[in-house]
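Because the structure is predicted, anything quoted here is derived from the model rather than measured. Counting starts at 1 for both ligands and their atoms, in listed order.
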Amino acid sequence: MAQRLFKKVAFIGFGLIGSSLARVIAAQQLADQVVACTRSAQTLEDALALGLIQQGFSNPAEAVQGADLVVLALPVRATQQMLENIQSDLSEQTIITDVGSTKGNVVDAARAVYGDMLPAGFVPGHPIAGSEHTGVHAGKVDLFTGHKVILTPLVTSADWAVEKLTLLWQAAGAEVICMDVEKHDEVLAHTSHLPHLMAFNLVEQLANREDNLDIFRYAAGGFRDFSRIAASDSHMWHDIFFANKKAILKAVDGFEAQLSTLKTLIENENSQALMGLLGHAQAARQHFNHMLANKPLMENNKVTQQFTILPGAHTFKGEFSVPGDKSVSHRSIMFGAIAEGTTHVTGFLEGEDALATLQAFRDMGVSIEGPKNGEVTIHGVGMYGLKAPAGALYMGNSGTSMRLLSGMLSAQQFNSVMTGDASLSRRPMERIAKPLRLMGAQIQTTGERGTPPVSITGGQHLQGIHYDLPMASAQVKSGILLAGLWAEGEVSVTEPEPTRDHTERMLRAFGYEVKTEANRISLQGGGQLTATEIQVPSDISSAAFFMVGAAITEHSDITLQAVGINPTRTGVIEILKQMGADLTVENERMAGGEPIADIRIRGTRTLKGIHMPEDQVPLAIDEFPALFIAAACAEGQTILTGAAELRVKESDRIQVMADGLKTMGIDCTPTEDGIIIQGRGKSGDWSPIFTGGKIESHHDHRIAMSFSMAGLRASGEINILGTETVATSFPDFTQLTRRAGLAIQVSE
Ligand code: S3P
């Protein structure tokens, strides 16, 4: 049972919404006393008989006396008159809320009564729940369960009032959202008021026909579903249409414009455009279903973890083998799954991102053994063997999974939806959806910014296209090439700068021909992949933290074994060398189609600030957070330009790094596409550079690991918050860095 929240609750108006909320209050004993005031004596009698109230009033001023919560549950247009009636009987501690569908006019009504200084307890609200049935008998204790309640607190609203109302609605099983008044009215005009208006209008149109009886008699599901809400309370809707007039008229304008487009397409028998419009709307509706039905399960269960790095003298030494490459691990599962035969993978990265890809393919019916000690066996199902997943595919933190799978799933016969965690849910997905649509895919992203969830309607026939990538992105390139495997004809992309080419290399390893001619990459659809052995090299992006750690620590000596040195990934080596690091690449060899080498780096000289070469940016795209730490320890200024992509990674890595560096005493200036860092290093001087402090990683693994390295040159303790995402790419980061000499602790 929930705690008792109120002494006396007074409902003014007691219809469907008011009586449902009273049922919740009674069932959970949330108030000592509940009263109601209505014009209908019968309603009060019924409410008393149902045990929902202890007393009924016809005079609102009497009803609200001594109440600590007043709920205005009456048509919105009556608000001003009612507030005038009860104003002098409310105390300063009384919470006053309402349940109306429009909020601007409720606030206007309150201003007309109180002037600008509205009572602190006044918090307008709107439960998005209802029914076409009305009256005290229609009320239900679970009317709000699983629904949203929007509160629109004003600048004058007190926190205590918002908090208590939130508890009340949560007790009713609702999810409480706070929004400003204008936004509320605009959103509701489209999602509720316009559909009601259309339903009333349709029924009216049919009712006025001479043959209306026949129409109503024979009308089947479509009419019944669409017109259900036209049976709603006409008085209430009359008020709503006037109360939210401005926003509703705007929505009606939009409706008229869309309707006339549709009308013209039919008039002109424009089959292709009509199919496009209907298909788009159909996909959007399915997407909406998915969004409602598939809440990611794992998202809320994550623990928040933090790292503490203690100051003091540090060494940083040893030979290490960092985990497998994330990009290669993802692709080994994806390609193994659609190949003919059984693929064996060694060195697989058992981090959460690659595991999200692995789980997605299990969800699509692929049998996968492992991972165990980096070994995975994938029983390929061939190009046409993937099966519809039962629910949404959860991609966790992984942009690579979502963008590459967007391509693959667009070509399947089944519908699918992909969701992600909070960070992934903010990342741009239109960059891949757009070219896929040009190929004929039905793919839908969410919101104005085109973010996840992503919904895909299967069964489309894809055509090869040529696409000029507007940004240097291996993920987008790969997503298009992967869709191209199933497309008719040739698919080709040109990239503005070379980006990692693991997709091209691994497709070739699976026996699929991919052409690379200068910056143009192409393949022919309709082929097949043949299973193979994949040896995943160590991830240079993970090795980068050790390289930077060694470069900034006196007498350090670190060797990283068997690191992938694919030339599209070695920007970090080039940049560190240009900064003067003592770095050697030894024992170069090939493993599983990728070049690997041992990298040795020693702390023998102070780094120097440079203008980082722009052509290296895509080749070091994931390593900049670590390189910024190196730059802070360098002598002189480091400038990075041409790296706007950093702003749309797991976090806005330019801003988040700049914030953290400033916290630790580094002078830096973030720019639109890079950063300027004033290095604090002095030649031959290895004393601390950073002050220590509290760093917010924004749950970005590479931010967390980069600032951990700063601990090697800090005078104070560093606390890094939100480090649990380190497990996405480098699960044993703390163990390995501790072995090298970093004083790092983990706590939850
Ligand atoms: C990746 C490509 C890069 C990189 C990401 C992995 C890949 O992203 O940042 O960590 O595996 O293709 P973009 O292609 O979006 O730059």
If you draw a 6.0 Å radius around [atom1] in [X], do more than 12 non-hydrogen atoms from other residues or ligands fall strictly inside?
X      : atom1 : value
Lys387 : NZ    : no
Gln735 : CD    : yes
Arg449 : CZ    : no

Closest protein heavy atom (residue, atom, distance) for [atom]:
atom                    : answer
atom 8 (O) of ligand 1  : Lys649 NZ, 3.0 Å
atom 2 (C) of ligand 1  : Gln475 CG, 3.5 Å
atom 10 (O) of ligand 1 : Asp622 OD2, 2.8 Å
atom 15 (O) of ligand 1 : Ser473 OG, 3.2 Å

>> Can you see whether His611 engages Gln637 through a side-chain donor-acceptor pair at a distance of less than 3.5 angstrom?
In response: no
>> Going by the rule ring-ring contact (aromatic ring centres under 6.0 Å, His included), which residues pair with Tyr467 if we only count those two or more places apart in sequence or in a different chain?
In response: none
> Atoms of ligand 1 less than 4.0 Å from Ser327 heavy atoms?
Replying inline: 1 (C), 6 (C), 7 (C), 11 (O)
>> Only heavy atoms of Ile621, strictly under 4.0 Å: list the atoms of ligand 1 that pass.
In response: 9 (O)
> For ligand 1, is there an N or O atom under 3.5 Å from any N or O atom of Ala474?
Replying inline: yes
>> When you measure from the heavy atoms of Thr499 to every atom of ligand 1, does any distance fall below 4.0 Å?
In response: no
>> Against ligand 1, does Arg331 come closer than 4.0 Å with any heavy atom?
In response: yes
>> Quick one, Tyr394 and Val417 - any side-chain contact, counting heavy atoms below 4.5 Å?
In response: no
> Taking the six-membered ring for Trp, are Phe316 and Phe546 ring centroids under 6.0 Å apart?
Replying inline: yes
>> Heavy-atom distances under 4.0 Å decide this one: backbone, side chain, both or neither, for Arg500 against ligand 1?
In response: side chain
